[in-house]
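Since the model is a prediction, treat every value here as computed from it, not as a measurement. We count ligands from 1, going down the list as the structure has it; atoms in each ligand are counted the same way.
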Amino acid sequence: MKRIRKRLISLLLSNHPNDCMRCETSGACKLQNFAYQYNVDGREYGGEKWNLPIRQANPFIVYEPNKCIVCGRCIRICNEIVMAGTIDFTGRGFHTVPDTAFRTARTLSICEFCGQCVSTCPTGALTDKKARGKGRAHEMKRVKTTCSYCGTGCSLYLNVKDEKVVRVSSDFFGPVNQGDLCIKGRYGYDFIHSRDRIKTPLVRRGDKFVKTSWDRAFATIASNFEKIIKRHGSDSVGAFSSSRCTNEENFLLSKFVRTVFRTNNVDNCARV
Ligand code: SF4
Ligand code: SF4
Ligand code: SF4
């Protein structure tokens, strides 16, 4: 069995660029790992190599077909899990590669940009464009967290280097999503380090918002609510919480509204 495995890895490497020094996936590549484990250097068979152009005419995914081992995992996840049907095997024989119909560039009309194909690719053939050149897998601190975009609560890993989130990767053991993510969870992390992010409370002064301290912001909110309730009664106020918050935060809001405002006017967007 070991002999056959070595032979198969040799055959895969015979048509591989073996570009591990510069490859984005080096250190996290299953082909590289198996070549090391089975002590195969890829020089056993000479032969024709692919020299196909790198495809990156989209904001999220880089496809390097020369590094593809034609395992079909990207196609299966796209067709059977995502149900998008964006890619399939194209060409015949030696020229078989996964691609879009007529090899057109991926756009939002044919691809959901969920990155599921990237997450399952065992080599550097499919990589996340935004993370390229920002660090290898072993340089990243992986922080497990929950996506904050919707109430599904998908589990994911933030890959952090030099205190910056440079990539999001799948948590294959996440109880809710088992590694699946959508475009927002996978690629919507730019806001984390955005310069436009609001970092201090703002209060309205006429037509403008001005920065203030948390203590002053809370005092303003409390006194305004107090005035409204005194004038119009408890049922004149209410609160609407978000599924983007945790269960605990939603519970706290409900408790706060019922015990401090003394009203049952509290609801959550997940109910509708
Ligand atoms: S895909 Fe893997 S084996 Fe191929 S060049 Fe990249 S790291 Fe090396
Ligand atoms: S990003 Fe998602 S929809 Fe697009 S090809 Fe990959 S798996 Fe399919
Ligand atoms: S998962 Fe990667 S290596 Fe496998 S067929 Fe798709 S692009 Fe090629």
>> Return all protein N, O or S atoms below 2.8 Å from atom 6 (Fe) of ligand 2, chain by chain in residue order.
In response: C117 SG
> Side chains of R73 and T120: do they bring a donor and an acceptor to under 3.5 Å?
Replying inline: yes
> Any ion pair linking D41 and R43 (charged N to carboxylate O, less than 4.0 Å)?
Replying inline: yes
> Just by distance, with hydrogens left out, do D171 and S155 show a side-chain donor and acceptor under 3.5 Å apart?
Replying inline: yes
>> Distance alone, cut at 3.5 Å: any donor-acceptor contact between the side chains of E249 and S241?
In response: no
>> Can you confirm whether the side chains of T90 and R103 place a donor and an acceptor under 3.5 Å from each other?
In response: yes
> Hey, does R5 have a side-chain heavy atom less than 4.5 Å from the side chain of V40?
Replying inline: no
> Counting from 1, what ligand 3 atoms have a heavy atom of G72 closer than 4.0 Å?
Replying inline: 4 (Fe), 5 (S)
>> Does this structure show an ion pair linking E64 with R132, if we count only N-O contacts that are shorter than 4.0 Å?
In response: yes
> With backbone taken as N, CA, C and O and side chain as the heavy atoms from C-beta onward, which portion of A125 lies under 4.0 Å from ligand 3: side chain, backbone, both, or neither?
Replying inline: side chain
> Closest non-hydrogen protein atom to atom 4 (Fe) of ligand 3, residue and atom name please, with distance?
Replying inline: C71 SG, 2.2 Å
>> When you compare the side chain of D180 with that of C154, does any pair of heavy atoms fall below 4.5 Å?
In response: no
> Using a distance threshold of 2.8 Å, what protein N/O/S atoms lie below it relative to atom 2 (Fe) of ligand 1?
Replying inline: C29 SG
>> Looking only at protein heavy atoms, which one is nearest to atom 8 (Fe) of ligand 3, and what is the separation?
In response: C68 SG, 2.3 Å
> Do any heavy atoms of I69 fall under 4.0 Å from ligand 3?
Replying inline: yes
>> So K67 and H16, do their side chains get closer than 4.5 Å, heavy atoms only?
In response: yes
>> What protein heavy atom lies closest to atom 2 (Fe) of ligand 3? Include the residue and the distance to one decimal.
In response: C121 SG, 2.4 Å
> Got a sec: does the OH of Y36 have more than 12 other heavy atoms crowding it under 6.0 Å?
Replying inline: no
> Is it the case that Y38 and R7 place a side-chain donor and acceptor less than 3.5 Å from each other?
Replying inline: no
> If you draw the axis of the six-membered ring of Y157, does the NZ or CZ of R142 fall within 45° of it and under 6.0 Å from the ring centre?
Replying inline: yes
> Hey, is V70 touching ligand 3 through its side chain, its backbone, both or neither, going by heavy atoms under 4.0 Å?
Replying inline: backbone
> If you measure only the distance, is there a donor-acceptor pair under 3.5 Å linking the side chains of D128 and Y187?
Replying inline: yes
